[in-house]
Amino acid sequence: MNPNTELPVRARSRRPLFPRVLREEPQYRLLFSGQVLSILGDRVMMVVLPFAVLAVGGDVGDVAIVSAAQFLPFALLSLPAGVWADRFDRKKILVASDVTRFVCQLVAGSLLLSGNAHVVHLALLAAVYGAADAFFAPAFTGLLPATVSPGNLQPANALRGLSFSTGSILGPVLAGFLVTVVGPGGAFLFDAGTFAVSIACLIPLRPRIVGDTVREEDLAATSPRFTSSLKEGWSEVRGRPWVISFLGGMAAYHVVVLPAIFVLGPVLAAEELNGARSWALITAGFGVGCVLGDLLLLRWRPRFALRVASLMLVGASCQAAFIGSGLGEWGIAGLELLAGVCVTGTFTLWATSLQEHVPDRALSRVSSYDYLTSAGAIPLGNMLIGFVTVSIGLHHALLAMTVVGVTAALAVACVPAVRHLPRPATHLEAGSA
């Protein structure tokens with residue numbers, strides 16, 4: 001057979017380079033393009049910030065203070081930010097948040113490079129940054145559905161999850177390179193540049209108008225006062241048993257399970273494995289699993305998304321047992337790969353379910369409870385697990401975390417409203433290429 005006659009057939013059957021959601025949704029393409037680099041910058045700063053504090057003469061206590069300064073405004077402002085995002089133009093909120101964070105990182109980087117930075121400067125800038133971040137998160141969740149057709153909503157969330165997954169792998173590597181070559185100040189300027197790109201992509205964004213969205217000029221006449229709007233947001237949460245149940249499961253995951261990764265995992269690697277090298281391998285396995293899970297959800301659309309999410313939450317809640325399994329670094333890394341698939345699947349399908357079933361007028365307020373549950377629970381869990389580990393020992397603590405975390409996840413999976421929540425027919429189109 002003449003190979004030349006086969007070439008056109010092969011060319012026609014070649015799989016498209018980009019996912020369908022990027023090819024078909026120009027507004028989402030703008031939103032996603034701005035976020036890819038910004039997420040990478042966020043992952044870089046998670047590594048760089050402690051080194052910046054130490055570089056200006058701070059100690060471990062100062063590192064904790066600066067981290068808390070960035071976290072506390074996020075926790076305090078999440079619910080008010082959700083109210084604002086439901087009442088005002090979400091795109092303008094995103095731009096204002098990015099501009100604020102751009103200025104924070106630009107000032108911090110300039111102070112570090114000039115040698116004029118002090119811990120108090122970094123703490124104040126971190127607090128402003130955290131406040132701006134609090135307003136970005138619920139506004140973004142509310143805006144994303146307005147940039148895609150209903151059938152592309154899950155792939156859009158999966159693609160964003162993929163950017164988080166790849167950023168978690170590439171970010172630490174890039175952070176090490178930047179700190180070595182240009183120092184913490186240069187890394188801050190890099191992060192400022194990522195926000196500049198995000199702003200440039202957001203400005204021309206033209207999301208579609210959702211039918212029940214109130215125009216800004218009509219707010220004074222039609223919108224309730226702030227406190228009433230806040231109460232209405234809680235009513236939207238309370239009136240949906242599947243939301244209440246899943247928020248409880250996510251709170252348990254962040255309080256009980258995640259400390260195995262943030263606190264006890266590195267300790268176990270240092271005491272029983274090969275230290276930082278082993279922990280890097282384990283976290284890399286988790287990152288690869290997240291990437292695989294995101295790629296899976298670009299194409300697979302389960303008919304009962306929240307049911308699958310709850311079952312994946314059970315798998316994600318086994319991470320404490322994986323860490324304490326005693327299988328060695330390669331065995332634990334393999335288990336964490338499976339955990340990564342479950343974790344990213346849980347978060348993607350949970351976010352998609354919120355966007356599919358919560359009306360646009362309340363979506364940001366409902367999602368703000370999710371962000372508060374997640375952000376507010378992590379420090380609490382980290383402190384709690386420290387006391388528990390001192391009292392009962394490392395491996396007993398990991399076992400207890402597994403029992404509590406898996407039990408909570410199974411309880412969520414048994415809730416009828418979670419098991420039977422259907423997908424809208426418009427969201428079950430053929431999988432994306």
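For W84, the CH2 atom sits in a loose shell: 12 or fewer heavy atoms of surrounding residues, nucleotides or ligands are nearer than 6.0 Å. Atom CZ of F304 has more than 12 neighbouring heavy atoms from other residues, nucleotides or ligands inside a 6.0 Å radius.
Contact record, I203 with K91: O-NZ, 2.6 Å, taken as the closest heavy-atom pair. Taking all atoms of both residues into account, the shortest heavy-atom contact from V44 to A187 is CG1-CB, 4.5 Å. Minimum heavy-atom separation, R90 to L143: CD-N, 3.8 Å. Nearest heavy atoms, S368 versus P138: CB-CB, 4.3 Å. The two residues S364 and D86 come nearest to each other via the heavy atoms N-OD1, 3.0 Å. Closest approach of P26 to E24, counting heavy atoms only: CD-O, 3.3 Å.
Under the 30°/60° scheme for interplanar angles, the aromatic rings of Y369 and W234 are found to be tilted. By the 30° and 60° cut-offs, the orientation of the rings of H118 relative to H121 is tilted.
Side-chain atoms of T100 and Y129 form no donor-acceptor pair, as typed in the model, at a separation below 3.5 Å. Looking at S165 and D294, their side chains do bring a donor and an acceptor atom within 3.5 Å of each other. Remark: the E329 side chain and the S278 side chain contain an N/O donor-acceptor pair separated by less than 3.5 Å. Neither side chain, D133 nor Q70, offers a donor N or O lying under 3.5 Å from an acceptor on the other. When only modelled atom types and interatomic distance are considered, S149 and E25 share a side-chain donor-acceptor pair under 3.5 Å.
Side-chain contact between I93 and F136: absent, with no pair of heavy atoms (C-beta onward) separated by less than 4.5 Å. Between S310 and L306, the closest side-chain pair of non-hydrogen atoms is not below 4.5 Å.
At distances below 3.5 Å, at least one donor-acceptor pair connects side-chain atoms of S97 with backbone N or O atoms of A132. Judged by distance alone, the side chain of S114 and the main-chain N or O of L111 form a donor-acceptor pair under 3.5 Å.
Exactly one residue among Q355, R423, R299 makes a side chain to side chain donor-acceptor pair (under 3.5 Å) with Q154. That residue is R423.
Residues satisfying the side-chain contact (heavy atoms from CB on, under 4.5 Å) criterion with A55, sequence neighbours excluded, are P184.
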